[in-house]
Peer 1: 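Before we start, here is the structure in question, set down as structure tokens.
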Amino acid sequence: MEIELNSASLASSRNVAILDNFYPAIEPELRDYRVSVFGAGYVGCVSAACLSHDGFPVVAVDPDRFKVERLAQGQAPIVEPGLSELLSHAHKTDLLTATHSASEALNATDISFCCVGTPSLADGTLNTDHVRQVCEDIGKALRQKAAFHIVVMRSTILPGTTEELVIPVLERFSGKVAGRDFGVAYYPEFLRESTAIADYYKPGAIVFGQYEDDTRSIDALKALVSHIGVTPHVVPLRCAEIVKYANNCWHAVKISFSNEIGNICKAKDIDSHVVMDVLCADTRLNISRAYMKPGFAYGGSCLPKDLRALTALGRMLNVPTPVLDAMRVANTLQINHARALVESAGHEKIGFIGITFKADTDDLRESPMLELVEAFLGKGKDIAVYDPNVARDAEGGRNFLKHIAPLLRDSIKEVIAASAVIVIGNKYPGLKDAIEAAGKPVTVIDLARIEMPDNKSMIYHGLCW
Ligand SMILES: NC(=O)c1ccc[n+]([C@@H]2O[C@H](COP(=O)([O-])OP(=O)(O)OC[C@H]3O[C@@H](n4cnc5c(N)ncnc54)[C@H](O)[C@@H]3O)[C@@H](O)[C@H]2O)c1
């Protein structure tokens with residue numbers, strides 16, 4: 001039966017028999033794992049409810065007496081549509097218990113999910129006190145447990161926290177070694193309150209952070225979500241940790257950007273919702289992967305000019321445009337970042353591959369690569385340039401530049417031969433081969449994410465990778 005999953009339909013659900021129609025039940029033979037959920041807040045309660053609904057025995061752990069008592073009776077300690085029905089059913093089928101005791105929970109389960117809070121400190125830094133405490137509690141219980149146990153962080157934690165805090169504390173208090181004596185993984189939670197259960201069963205993505213070669217923990221997590229029908233992305237721990245922040249910051253950018261466009265629209269008597277509907281209808285360039293690859297600054301004849309015009313309009317209308325203003329600052333900083341990277345290579349002979357604002361155009365207007373070349377030219381560096389689309393002489397085209405023309409070489413090979421450091425702005429055929437065949441040590445500063453050349457004497461720096 002096809003039923004739309006949304007908070008309204010979940011909230012109006014009368015009993016679990018109805019809820020059962022929403023979700024694919026997991027095959028009984030896959031219900032091998034028992035899960036303890038540390039932290040019975042929004043994330044922990046939803047995890048506990050959904051796991052037990054799927055047939056996995058769950059033990060919830062929290063120091064809060066009210067929450068443990070509620071859960072032990074199959075009642076929801078927080079408000080979330082559909083949660084009460086799932087918890088009550090789990091209680092009736094003996095799939096959910098609750099306790100204050102970490103060791104009781106560890107002994108009764110194979111995997112522990114850590115869903116404790118990670119609030120902000122006064123200065124904005126992340127407060128990891130609860131993470132440290134829960135790891136200490138689990139570590140002490142792990143010391144007493146002979147069987148292999150898997151610890152999965154689900155709290156939102158900054159990149160490096162699992163390796164620098166979670167694992168050291170677990171190892172210190174358990175006397176065991178992560179990856180060998182017990183498993184560790186990171187599994188970020190993407191739920192939104194009010195649609196949390198629907199989000200659990202229809203996630204946009206599932207991400208697992210793997211610790212070194214601990215595939216056993218990842219396999220266990222895969223078994224827990226196998227019925228959801230979304231293939232998990234298995235990435236290194238730090239990558240999974242920052243994906244969660246990138247997601248939420250992206251959402252914040254989208255909201256503030258839309259609001260800013262809305263404020264300008266209102267000042268010009270335009271319906272902002274029509275504007276954003278039209279913007280979102282373009283799934284090729286707007287709501288897509290386009291422009292979403294970390295790299296060098298934007299440039300060209302449109303983006304810088306149009307950003308200036310809209311922010312100037314904002315000033316005229318007395319509508320602040322902090323998000324759009326920040327783009328210009330960020331773009332300038334990215335050019336400075338590239339410049340610093342080239343400077344730190346410490347060479348006098350610098351080669352630039354591609355100086356138009358992107359490959360396959362001859363447009364040099366507001367090209368950040370040209371800005372970079374001019375900066376080093378101004379410092380008296382010995383510059384060579386390869387760009388097949390830039391004119392060599394005044395008759396060659398409208399992008400002839402008197403100060404650049406003498407620097408142009410006919411091939412990438414010639415630029416490499418004349419330079420100690422190569423700055424790659426655009427990708428061209430033959431680039432990888434030319435670096436591989438350099439026949440001398442060469443430093444590569446990559447602003448375009450080229451295919452990695454196989455050259456042992458190359459020193460390689462990617463701009464933001
Ligand atoms: N709330 C959301 O919508 C949401 C969504 C995705 C991710 N997250 C992240 O998930 C984490 C949890 O968020 P939340 O909103 O569920 O937090 P919460 O504050 O609602 O719940 C945290 C729970 O952890 C318990 N706790 C503290 N120390 C403990 C310990 N040593 N052992 C066991 N339990 C302990 C607390 O008593 C509390 O019940 C945070 O890192 C948050 O950023 C939250």
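If you're wondering where the values come from, they're calculated on a predicted model, not measured in any experiment. Remember, it's 1-based here, ligands and their atoms both numbered in the order they're listed.
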Peer 1: Nearest heavy-atom pair of Met276 and Ser258: which atoms, and what distance?
Peer 2: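 Distance-wise, the nearest heavy atoms are CE-OG, 3.5 Å.
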
Peer 1: For atom CD1 of Ile206, decide whether the heavy atoms of other residues, nucleotides or ligands shown that lie under 6.0 angstrom number more than 12.
Peer 2: yes

Peer 1: Among Val275, Asp271, Val274, whose side chain to side chain contact (heavy atoms under 4.5 Å, CB included) with Cys265 holds?
Peer 2: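 Only match with Cys265 under side chain to side chain contact (heavy atoms under 4.5 Å, CB included): Val275.
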
Peer 1: Look at the aromatic rings of Phe352 and Phe376 and report parallel, tilted or perpendicular, splitting at 30° and 60°.
Peer 2: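 Judged by the thresholds at 30° and 60°, the geometry between Phe352 and Phe376 is tilted.
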
Peer 1: Kindly say whether the aromatic ring centers of Tyr187 and Phe208 come within a distance under 6.0 Å.
Peer 2: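 Centroid distance Tyr187-Phe208: below 6.0 Å, so yes.
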
Peer 1: Below 4.0 Å from any atom of ligand 1, which residues have a heavy atom? Give them in chain and number order, please.
Peer 2: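 Under the 4.0 Å cut-off, ligand 1 touches Gly39, Ala40, Gly41, Tyr42, Val43, Val61, Asp62, Pro63, Lys67, Cys115, Val116, Gly117, Thr118, His130, Gln133, Val134, Asp137, Ser155, Thr156, Glu189, Leu191, Glu193, Lys244.
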
Peer 1: Search all heavy atoms of Ser174 against all heavy atoms of Phe182 and return the closest pair with its distance.
Peer 2: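 Shortest heavy-atom separation between Ser174 and Phe182 comes out as OG-CE2, 3.9 Å.
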
